[in-house]
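Just below is one structure, and these are the notes that go with it.
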Amino acid sequence: TRHRDMGLDYFGTLRERFARLREKKLNQDKFTIGVPELDMQINGGPSRGELYGIVGGSGSGKSLLMTQSAVRNICKNWKVLYYSLEMHPDKIGQRFDAMFTNFDINQLLMESDDTLCEHIGEHVARHEDKRRLVIKQFPAGGADSNTLRAFKAKMSLEGFVPDMVIVDYVGEMRDHPGMKTYESRYRTCRDLRGWATEEDFLCLTGMQPNRGSKQSMEEEKILSSEHLADSFDQIRVFD
């Protein structure tokens with residue numbers, strides 16, 4: 001168990017550490033954000049125990065990018081647990097349907113069930129356990145990090161242990177009672193980071209920018225931590 005971890009014996013584990021580093025360099029333990037250009041900016045892609053956030057305004061495609069990231073990581077043999085705090089699982093599922101099949105999302109139901117099942121099923125055909133993706137919805141403001149932890153623990157007892165957890169999105173999580181919003185958002189992000197490190201999975205979420213971000217995007221084409229809605233401190237715990 002993790003509480004028995006005695007830390008890294010630097011001089012006593014040189015060869016083991018070199019072997020781990022070489023394995024990671026070969027991208028055998030790397031995930032993908034979903035966009036190769038972004039992966040290259042973070043040393044070839046994210047790793048276990050890390051927390052990443054996608055920042056964008058309402059309707060800018062945060063959820064679509066997180067879905068794309070999930071699809072590509074599933075194709076890399078990872079298991080994904082997708083928490084939705086906005087949209088019904090069936091609608092999230094349709095996005096996955098479209099990405100797995102490469103069919104227009106508006107034309108999906110014009111295809112036969114057999115065709116859809118064949119195209120989607122080929123992505124998990126080589127796995128004995130076909131449960132590579134679980135989508136779980138909680139109502140907006142109805143879940144905190146402990147809620148997400150409890151559901152993941154329940155799924156683990158059922159034999160589903162995800163390599164990647166997506167939270168869509170952190171701004172819709174329940175705030176800490178009696179705490180100012182900016183501090184609550186920081187604590188929530190810190191909790192997610194600590195959870196990812198403790199249980200050794202990759203965590204990906206989305207964040208909303210504040211009102212001042214629009215002008216910055218128009219003038220400088222970039223967002224900084226000061227443009228995060230409710231709490232710019234929350235970015236400090238992200239990788």
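The residues of the chain are indexed from 1 along the displayed sequence.
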Derivation of the side-chain contact (heavy atoms from CB on, under 4.5 Å) call for Phe103 and Asp97: CA-CA 8 Å; Phe103 292 157; Asp97 295 339; over 6 Å; no
Could you give me the CA-CA distance, side-chain angles and deciding distance for Met87 and Arg95, then say whether side-chain contact (heavy atoms from CB on, under 4.5 Å) is met? CA-CA 11 Å; Met87 192 176 292; Arg95 292 177 173 178; 3.3 Å; yes
Applying side-chain contact (heavy atoms from CB on, under 4.5 Å) to Leu51 and Trp195, what does each step give before you reach the verdict? CA-CA 9 Å; Leu51 171 67; Trp195 181 30; over 6 Å; no
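Residues Asp175 and Arg185 are paired through a salt bridge, judged by an N-O separation under 4.0 Å between the basic side chain and the carboxylate. Ion pairing of Glu198 with Arg193 is absent here, as no side-chain N (NZ or NE/NH1/NH2) approaches a carboxylate O to less than 4.0 Å. With respect to Glu158 and Arg131, no salt bridge is recorded, no charged nitrogen being found less than 4.0 Å from a carboxylate O. Under 4.0 Å is where a charged nitrogen must lie from a carboxylate oxygen, and between Asp129 and Lys79 at least one such pair does.
Rounding to the nearest 0.5 Å places CD1 of Ile105 at 8.0 Å from CG of Leu64. To the nearest 0.5 Å, atom CG of residue Asp104 and atom CD of residue Glu111 are 10.0 Å apart. Interatomic distance, SG of Cys203 versus CG of Leu81, reported as 9.5 Å (0.5 Å rounding). Between Met110 atom CE and Gln107 atom CD the span is 5.0 Å, to the nearest 0.5 Å. If you take CZ on Arg17 and CZ on Arg20, they are separated by 7.5 Å, rounding to the nearest 0.5 Å. Distance check, rounded to the nearest 0.5 Å: CG of Leu157 to NZ of Lys152 gives 10.5 Å.
For the pair Lys136 and Tyr82, the NZ or CZ position fails the cation-pi test of under 6.0 Å to the six-membered ring centre and within 45 degrees of the ring normal.
Ser184 approaches His176 most closely through the heavy-atom pair OG-N, 2.8 Å. In terms of heavy-atom proximity, Ser69 sits nearest to Thr32 at OG-O, 2.9 Å. Considering all non-hydrogen atoms of both residues, Arg174 and Thr188 come closest at O-OG1, 4.4 Å. Residues Met155 and Val134 approach most closely at CE-CG2, 3.9 Å, considering heavy atoms. Residue Ser145 comes nearest to Met173 through the heavy atom pair N-CE, 3.5 Å, listed as atom of the first residue, atom of the second, then distance. Pro162 approaches Val80 most closely through the heavy-atom pair CB-C, 4.3 Å.
Panel note: side chain Thr13, backbone Glu16; no donor-acceptor pair is recorded below 3.5 Å. Thr197 places a side-chain N or O within 3.5 Å of a backbone atom of Gly49 that can act as its donor or acceptor partner. Between the side chain of Arg48 and the backbone N or O of Asp200 there is at least one donor-acceptor pair closer than 3.5 Å.
In this structure, the side chains of Pro46 and Asp39 come closer than 4.5 Å at one or more pairs of heavy atoms. With a 4.5 Å cut-off on side-chain heavy atoms, Val124 and Lys130 count as touching. No side-chain heavy atom of Val165 sits under 4.5 Å from any side-chain heavy atom of Leu202. Using a 4.5 Å heavy-atom cutoff, the side chains of Pro36 and Arg72 are in contact. Side-chain contact between Glu199 and Arg149: present, with at least one pair of heavy atoms (C-beta onward) separated by less than 4.5 Å. In this structure, the side chains of Phe201 and Met164 stay at 4.5 Å or more apart for every pair of heavy atoms. Put simply, the side chain of Leu148 reaches to within 4.5 Å of the side chain of Val167, judged on heavy atoms. Contact of the Leu85 side chain with the Gln137 side chain is not registered, since no non-hydrogen atoms from C-beta on lie closer than 4.5 Å.
Side chain to side chain, Ser84 and Asp168 fail the donor-acceptor criterion of an N or O pair below 3.5 Å. Side-chain contact, Arg126 with Asn77: a donor N or O sits under 3.5 Å from an acceptor N or O. At a cut-off of 3.5 Å, with distance as the only test, a side-chain donor of Thr115 or Ser112 sits close to an acceptor on the other residue. Checked by atom type, the side-chain pair Thr147/Asp144 shows a donor-acceptor distance below 3.5 Å. With hydrogens and angles left out, the side-chain atoms of His119 and Thr101 include no donor and acceptor closer than 3.5 Å. Side-chain atoms of Lys30 and Ser47 include a donor-acceptor pair closer than 3.5 Å.
In this structure, Trp78 and Phe31 have parallel ring planes: the angle between them is below the 30° cut-off, well short of the 60° mark. Taking the six-membered ring where tryptophan is involved, the planes of Tyr83 and Phe138 are tilted, since the angle between them lies from 30° to 60°.
Both Val35 and Val71 are members of a single hydrophobic cluster when ILVMFWY side chains are connected at heavy-atom separations under 4.5 Å. In the hydrophobic clustering of this structure, Leu133 groups with Ile33; members are Ile, Leu, Val, Met, Phe, Trp, Tyr whose side-chain heavy atoms approach within less than 4.5 Å, directly or through other members. Ile54 and Tyr52 fall within a single hydrophobic cluster, where Ile, Leu, Val, Met, Phe, Trp and Tyr side chains are chained together by heavy-atom contacts under 4.5 Å. No continuous path of hydrophobic side-chain contacts links Leu109 to Met99 [ILVMFWY only; heavy atoms under 4.5 Å]. There is a path of hydrophobic side-chain contacts, each under 4.5 Å, that joins Ile135 to Ile120.
In this structure, Asp113 places its CG atom where only 12 or fewer heavy-atom neighbours from other residues, nucleotides or ligands lie under 6.0 Å away.
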